[in-house]
Amino acid sequence: MENRPSHSGAKGPAKMHVDLRQVIYALSDALDLVGVDDVAHGKRVGIMAAATGHQLGLSRKQSTALFDLGMLHDIGVSSTQVHHHLVAEFDWESSQGHCDVGYLLLRDFAPLAALAEPILYHHTRWDRLIRTPPVSLEVAEQANLIYLVDRVDALAAPFYAEGVLMHVPGIRDKIAACSGTYFSPQLVEAFLAASSSEAFWLQLEPRGIQSALQVMLERGVSSGASTSDLKQLALIFSRIVDAKSPFTAEHSLGVARLARFIAERLGVGPEHCDKLEIAGLLHDLGKLRVPDEILDKAGPLDERERTVMNAHSFETFQILRHIHGFEEITRWAAYHHEEPGGGGYPFHIDAGDLPIEARILRVADIFQAMVQNRPYRAGMAAPVALDFMNRLVAAGRLEPAIVRIIAGDIDLAMAAACPAADSAVLSA
């Protein structure tokens, strides 16, 4: 197999040309995966929020901002169990936890920082929010509108498969009964007016959702993404994935750092190292659709559980493939379980078609998982992990040259693979 970097050259690879807004919209698909069987909650909330905002007389720009807020409002949810509580219960006593997490994830990311406070309060009742207002009236109304339509979607969720129109009167009555307590009377009035038409509810069906998403993308102002922005956004989503299970905390960051460490020593150019770092952070996005009980299982998975788990890299591919400018990142992230002999998954890529970056990511993923401490076991010592890696090499499942990079500077490789819990700074 060819060991040299597949993208070396005097001129080097072109810089990424990526619309940050498109990246954000695509990555929002990962949040919806947490629903497992219901994968459009955030988008439906965004559509209803924008429609209610239009009823209130807001500008197109303001309504689009409400769509974005609705789409990302559950950015603090990783657990399928938490998601189930949020859609199955009108008022869940532990709902504030994911609001706090979402606020912390976004408050320092400038392009999305304006969403942080509304997300923090999007499960706070109106009568409590206005009693001792911690935020401006504008933020309070944004947060409360998201809360209102979020609860509408929870009430409607059991009926989407059979058709929700027959249940609309009961949903509207429930929201009306919460005016002045859970929700602002003005917002309730606007929602009732906006939702009086069948079209309001029919746009929540799959075809309507995709159409609305395209409209919102076209309305929004394109924003070029710097490499720093893309890394920071990828880091935010890696934290969401890694928070899903206590077994995977800091995994994605460790894989990203180790992959870059290896790539630099193999002579991969700086731009491709940046892309590889982003691919490492995002490689496990698809795990958000894996139920908690499978991901948290300490023992071996049975055949059904393994089938569910093995689908995660294809889910990652599905999320990333729609981002223009992410073509290489998408392939590398999606191929991280492909093997040189073609025996991996989910595509069974021929060895000659596996880019060096994908091969690096596979090695980094395996090594990091072995040496990282997990709740049910201590991380393997370096010699033990290397012995296991060499056995995979001997079986033709890992590339020797990549494993030799780790063995040649094991202390630095270990430091890259197991970043301290407070180490969130990626290379510039």
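The residues of the chain are indexed from 1 along the displayed sequence. Just so it is clear, the model here is predicted, and its values are computed rather than measured.
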Using the salt bridge (Lys or Arg N to Asp or Glu O under 4.0 Å) rule, take Glu357 and Lys275 through it: C-alpha gap first, then chi angles, then the decisive distance, then the call. CA-CA 9 Å; Glu357 293 86 355; Lys275 290 182 180 181; over 6 Å; no
Under the ring pair (Phe, Tyr, Trp, His ring centres under 6.0 Å) test, residues paired with [X] that sit two or more places apart:
X: Phe183; value: Tyr147
X: Phe109; value: none
X: Phe326; value: none
X: Phe261; value: none

Which atom of [X] lies closest to which atom of [Y], heavy atoms considered:
X: Ala413; Y: Leu258; value: O-CD1, 3.7 Å
X: Arg257; Y: Ala416; value: CB-O, 3.4 Å
X: Gln142; Y: Pro118; value: OE1-CG, 3.2 Å
X: Ala26; Y: Ile323; value: CB-CG1, 3.4 Å
X: Ala333; Y: Ala279; value: CB-O, 3.9 Å
X: Leu187; Y: Glu141; value: CD1-O, 3.6 Å

Just how far is it from atom [atom1] of [X] to atom [atom2] of [Y], taken to the nearest 0.5 Å?
X: Ser28; Y: Met71; atom1: OG; atom2: CE; answer: 4.0 Å
X: Thr181; Y: Arg128; atom1: OG1; atom2: CZ; answer: 10.0 Å
X: Arg306; Y: Glu303; atom1: CZ; atom2: CD; answer: 11.5 Å
X: Leu320; Y: Leu282; atom1: CG; atom2: CG; answer: 5.5 Å
X: Thr124; Y: Ile130; atom1: OG1; atom2: CD1; answer: 12.5 Å

I'd like to know if the side chain of [X] and the backbone of [Y] have a donor-acceptor N/O pair within less than 3.5 Å.
X: Ser179; Y: Ala176; value: no
X: Arg151; Y: Ile175; value: no
X: Gln372; Y: Ala369; value: no
X: Lys61; Y: Thr64; value: no
X: Asp242; Y: Ser252; value: yes
X: Gln232; Y: Asp108; value: yes
X: Thr52; Y: Phe191; value: no
X: Glu338; Y: Ala358; value: no
X: Ser78; Y: Ile240; value: yes

Pair listing, side chain to side chain donor-acceptor pair (under 3.5 Å) test, anchored in residues 196-205, at least two apart: none
Give me each pair satisfying side chain to side chain donor-acceptor pair (under 3.5 Å) with a member in residues 361-371, each pair once, sequence neighbours excluded. His251-Asp365, His251-Gln368, His283-Asp365, Glu339-Arg362
For [X], which residues count as a salt bridge (charged side-chain N to carboxylate O under 4.0 Å, His left out) partner, sequence neighbours excluded?
X: Arg321; result: none
X: Lys287; result: Asp284
X: Asp127; result: Arg125
X: Asp68; result: Arg21

Determine whether [X] and [Y] make a side-chain contact, defined as any pair of heavy atoms from C-beta on separated by less than 4.5 Å.
X: Met48; Y: Leu204; result: yes
X: Arg304; Y: Ile294; result: yes
X: Trp126; Y: Pro185; result: yes
X: Met389; Y: Phe367; result: yes
X: Ile319; Y: Leu33; result: yes
X: Tyr160; Y: Asp153; result: yes
X: Val241; Y: Leu285; result: yes
X: Thr307; Y: Leu301; result: no

Hey, can you pull the donor-acceptor pairs under 3.5 Å for the side chains in residues 97-104, sequence neighbours left out?
residue, atom, partner, partner atom, Å
His98, ND1, Ser95, O, 2.6
His98, NE2, Asp74, OD1, 3.1
His98, NE2, His122, NE2, 3.2
Asp100, OD1, Gln96, NE2, 3.0

[X] atom [atom1], neighbour heavy-atom count above 12 within 6.0 Å:
X: Glu162; atom1: CD; answer: yes
X: Glu293; atom1: CD; answer: yes
X: His348; atom1: NE2; answer: yes
X: Glu89; atom1: CD; answer: yes
X: His167; atom1: NE2; answer: yes

Which donor-acceptor pairs under 3.5 Å do side chains of residues 207-216 form with protein atoms, sequence neighbours excluded?
residue, atom, partner, partner atom, Å
Gln214, NE2, Glu218, OE2, 3.2

Cationic N near anionic O, under 4.0 Å, Glu264 to Arg260: yes
Let me see the working for Thr227 and Leu230 under side chain to side chain contact (heavy atoms under 4.5 Å, CB included), right down to the final yes or no. CA-CA 5 Å; Thr227 299; Leu230 291 172; 5.6 Å; no
Phe90 vs Tyr182 aromatic rings, parallel, tilted or perpendicular, using cut-offs 30° and 60°? perpendicular
